[in-house]
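Beneath this line is the structure, given in structure tokens, with notes to follow.
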Amino acid sequence: MTDTPARPIARAPRGFADKRARDLAAERRILSAVSEVYERYGFEPFDTSAFEYADALGKFLPDADRPNEGVFALTDDDDQWMALRYDLTAPLARFAAQTWDTLPKPFRRYAYGPVWRDEKPGPGRYREFVQCDADTVGSARPEADAEVIAAAAEGLEAAGLPRGAYVLRINNRKLLNGLLATAGVADDRQKLAVLRAIDKLDRLGPEGVRLLLGEGRLDESGDFTKGAGLAPAAIDSVIAFTAVEAGRGDALDRLSNVVGGSEDGAAGVEELARIHQALTGMGLEADRALVDPSVVRGLEYYTGPVFEAELLLQTTDERGEAVRFGSVGGGGRYDDLVARFTGQAIPATGFSFGVSRLAAALRAAGRDAGAGARGPVVVIAFDEARMADYFAAAAELRAAGLPAEVYLGSSGMKAQMKYADRRLSPAAVILGEDELAAGAVTIKNLDLGRQLAGQVSDNREWREARPGQQTLPRAELVAAVRKIVEAAS
RNA sequence: GCCGCCCUAGCUCAGUUGGUUAGAGCGCCAGAUUGUGGCUCUGGAGGUCUCCCGUUCGAUCCGGGAGGGCGGUACCA
């Protein structure tokens with residue numbers, strides 16, 4: 001009756017993911033391609049720490065002395081609340097406010113790194129994930145928005161999304177503000193409810209949105225969502241607005257007819273016109289970026305143009321079922337974020353995307369950036385007494401820039417070959433008694449064997465054929481391995 | 001947060017109308033094959049039947065609660 005000692009359960013925390021070589025390779029490829037594009041657009045590399053003081057993130061419950069749920073927070077030894085950043089924009093605003101007088105203005109930076117959100121995880125939704133942002137702080141020009149949009153488009157393409165597989169949809173908060181002002185809606189809570197309702201257009205359709213704009217909507221699970229409470233005439237004009245066909249210069253005329261009567265509306269259309277002209281100048285036509293009044297983005301803090309990158313590819317999951325990826329990133333203009341610190345309004349605009357989400361989208365689209373992940377060349381270890389010979393071979397390969405390792409386990413040759421196979425090694429290096437005595441080396445091309453395996457059904461035949469195996473003078477090791485590795489890439 | 005469904009081996013799942021030794025496929029390890037990955041065959045390891053409480057002579061199975069997962073919905077800086 002001995003108690004078994006309490007052992008910890010080996011498991012990753014809920015909503016946190018481990019990443020293996022394949023995932024990391026995909027994410028790194030995306031980040032290096034996008035970084036190169038963003039730097040070409042003049043955004044400087046930038047990073048801040050994982051923690052911020054919680055008040056800098058602006059997340060306090062109205063009546064509590066504790067940071068809001070949604071952030072991971074702890075108290076510092078001086079009792080100040082610190083929290084893990086939940087996006088890259090709030091730290092940027094903090095940094096800009098802190099160092100504004102010393103910065104070259106406008107300040108343009110891109111950044112990527114992990115962010116944390118303490119909320120319910122789901123498939124493809126984690127509590128820690130990598131974001132990548134590009135922002136311009138200190139320019140009110142619509143051309144600054146246009147450039148962020150252009151850089152985003154080019155970045156997505158560099159990451160591996162072909163042209164035509166995505167589109168950036170652009171809208172302007174000022175259009176809706178003008179529309180609502182004309183309709184007599186001034187309440188901020190109502191405005192927010194209107195935004196959230198429009199955001200669900202793709203899922204619920206115009207009729208569902210109509211309910212949410214009015215009294216509210218009962219969903220299939222029996223839950224009731226309170227509506228924005230707009231008058232019927234106001235609902236009609238909002239629906240009519242979101243139904244305006246997307247486009248570029250032509251869409252501006254259509255929008256002007258709907259919202260041009262108000263001051264905000266006219267200003268919004270004018271900004272979109274300038275974005276349109278700048279995009280055209282940079283060579284971005286309607287196939288890559290267009291004006292679409294149904295785009296809203298849920299965030300409260302956007303003050304002007306907003307944009308969203310939508311995946312157009314028809315993708316399928318592991319079971320072959322169609323998956324709509326929808327948005328892979330978004331952004332917009334936020335002119336009040338820095339003012340929280342300084343009181344001085346500083347205009348800013350930016351674009352943000354989730355790196356692993358984009359990687360998943362690329363994978364689903366059959367453009368897996370991590371598919372090329374390979375293992376090292378494996379040097380088979382036969383004899384304790386000859387380990388130095390194996391390491392000499394590995395060292396030669398490494399010096400030539402070829403990833404290589406000596407098998408460090410304790411199993412026999414069969415298991416070592418299996419190990420190399422599972423590591424997706426391009427080749428195994430065999431330096432057995434015979435080879436060492438003859439000043440030779442045997443190199444087995446594992447890729448070739450992988451190809452041939454399906455055609456051979458008899459094990460004896462398979463073994464004796466020794467597919468892709470060649471014995472060469474020891475001095476030709478590096479050249480022969482390189483040939484195999486290069487053929488694979 | 002709210003509503004619904006689910007939880008048996010590493011994975012996907014059978015099964016027990018409450019009865020003593022809980023199964024399959026895949027995967028893993030080993031052998032057939034003294035130095036060769038795949039296929040095939042043979043053998044093996046691996047389970048507090050999610051957890052706790054209750055009912056019962058007896059619970060993986062019935063009841064209650066908790067936790068976890070999935071779907072919808074809300075929120076999403």
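Chain identifiers are assigned alphabetically (A, B, ...) following the order of the sequence lines, protein sequences preceding nucleic acid strands; residue numbering begins at 1 within each chain. Just so we're clear, the structure is a prediction, and the values are computed from it rather than from any experiment.
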With both distances under 3.5 Å as the test, what is the Watson-Crick or G-U wobble partner of [N]?
N     : result
B:U33 : none
B:U16 : none
B:C49 : none
B:G71 : B:C3
B:A22 : none

What is the nucleic acid contact for [X], judged by heavy atoms within less than 4.0 Å: base, sugar-phosphate only, or nothing?
X        : value
A:Asp383 : nothing
A:Gln451 : nothing
A:Ile430 : base
A:Lys226 : nothing
A:Tyr419 : nothing

Which value, in whole Å, describes the distance between the [atom1] atoms of nucleotides [N] and [M]?
N     : M     : atom1 : answer
B:G54 : B:G10 : P     : 29 Å
B:G44 : B:G25 : P     : 13 Å
B:C57 : B:G18 : C1'   : 12 Å
B:U16 : B:U60 : C1'   : 8 Å
B:C26 : B:A22 : P     : 22 Å
B:U50 : B:U8  : C1'   : 10 Å

Measure the distance from [atom1] on [X] to [atom2] on [N] and round it to the nearest whole Å.
X        : N     : atom1 : atom2 : value
A:Met413 : B:G35 : CE    : P     : 9 Å
A:Leu88  : B:C76 : CG    : P     : 19 Å
A:Arg357 : B:C76 : CZ    : P     : 17 Å
A:Arg127 : B:G68 : CZ    : C1'   : 13 Å
A:Tyr390 : B:G35 : OH    : P     : 13 Å
A:Tyr86  : B:C75 : OH    : P     : 18 Å
A:Ile443 : B:U36 : CD1   : C1'   : 15 Å
A:Tyr302 : B:C76 : OH    : P     : 13 Å

OP1 or OP2 of [N] sitting under 4.0 Å from any side-chain N/O of [X]?
X        : N     : answer
A:Arg203 : B:A74 : yes
A:Trp462 : B:G37 : yes
A:Lys120 : B:G1  : no
A:Lys418 : B:C29 : yes
A:Arg14  : B:G67 : no

Is a side-chain N or O of A:Gln416 found less than 3.5 angstrom from the main chain of A:Ser411, in a donor-acceptor match?
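The answer is yes, because a donor-acceptor pair under 3.5 Å joins these two groups.
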Q. Is a side-chain donor or acceptor of A:Asn171 paired with a backbone partner of A:Pro293 at a separation under 3.5 angstrom?
A.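 At least one qualifying donor-acceptor pair exists.
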field: Lys/Arg-Asp/Glu bridge criterion (N-O < 4.0 Å) met for A:Arg108, A:Asp135
entry: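 No, no charged N to carboxylate O under 4.0 Å.
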Side chain of [X] only, please: which of [options] is the nearest?
X        : options             : value
A:Leu446 : B:G37, B:A30, B:C76 : B:G37
A:Ala415 : B:G35, B:A30, B:C76 : B:A30
A:Lys200 : B:U36, B:C76, B:A74 : B:A74

Quiz prompt | No-H, no-angle donor-acceptor pair, A:Gln469 side chain to B:U36 base, under 3.5 Å | solution =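 Under the 3.5 Å cut-off, the side chain and the base do form a donor-acceptor pair.
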Exercise for the section: Would you state whether a donor and an acceptor, one from the side chain of A:Lys414 and one from the base of B:U36, lie under 3.5 Å apart? Expected result: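 Counting by modelled atom types and ignoring angles, no donor-acceptor contact under 3.5 Å is found here.
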Review point. Is the gap between the ring centers of A:Tyr390 and A:Tyr407 under 6.0 Å?
Key: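 No; A:Tyr407 has its ring centre 6.0 Å or more from that of A:Tyr390.
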- Message: Looking only at the aromatic ring of each residue, does the gap between the centers of A:Phe16 and A:Tyr126 stay below 6.0 angstrom?
- Response: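 Judged by ring-centre distance (under 6.0 Å), A:Tyr126 and A:Phe16 do not meet the cut-off.
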Check your understanding: Do A:Val71 and A:Arg85 touch side chain to side chain, with heavy atoms closer than 4.5 Å?
Key ->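 No, every pair of side-chain atoms sits at 4.5 Å or beyond.
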**Asked** NZ of A:Lys174 to CG of A:Asn177: how many Å apart, nearest 0.5 Å?
**Response**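 A:Lys174 NZ to A:Asn177 CG: 9.0 Å, rounded to 0.5 Å.
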Tell me which of A:Arg422 and A:Asp447 sits closer to the 5' end of RNA chain B, going by the nucleotide each one is nearest to.
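Result: A:Arg422.
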Margin query: Could you check whether A:Arg173 makes a cation-pi contact with A:Tyr302, meaning its NZ or CZ is under 6.0 Å from the centre of the six-membered ring and within 45° of the ring axis?
Written below: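 Cation-pi check for A:Arg173 and A:Tyr302: fails.
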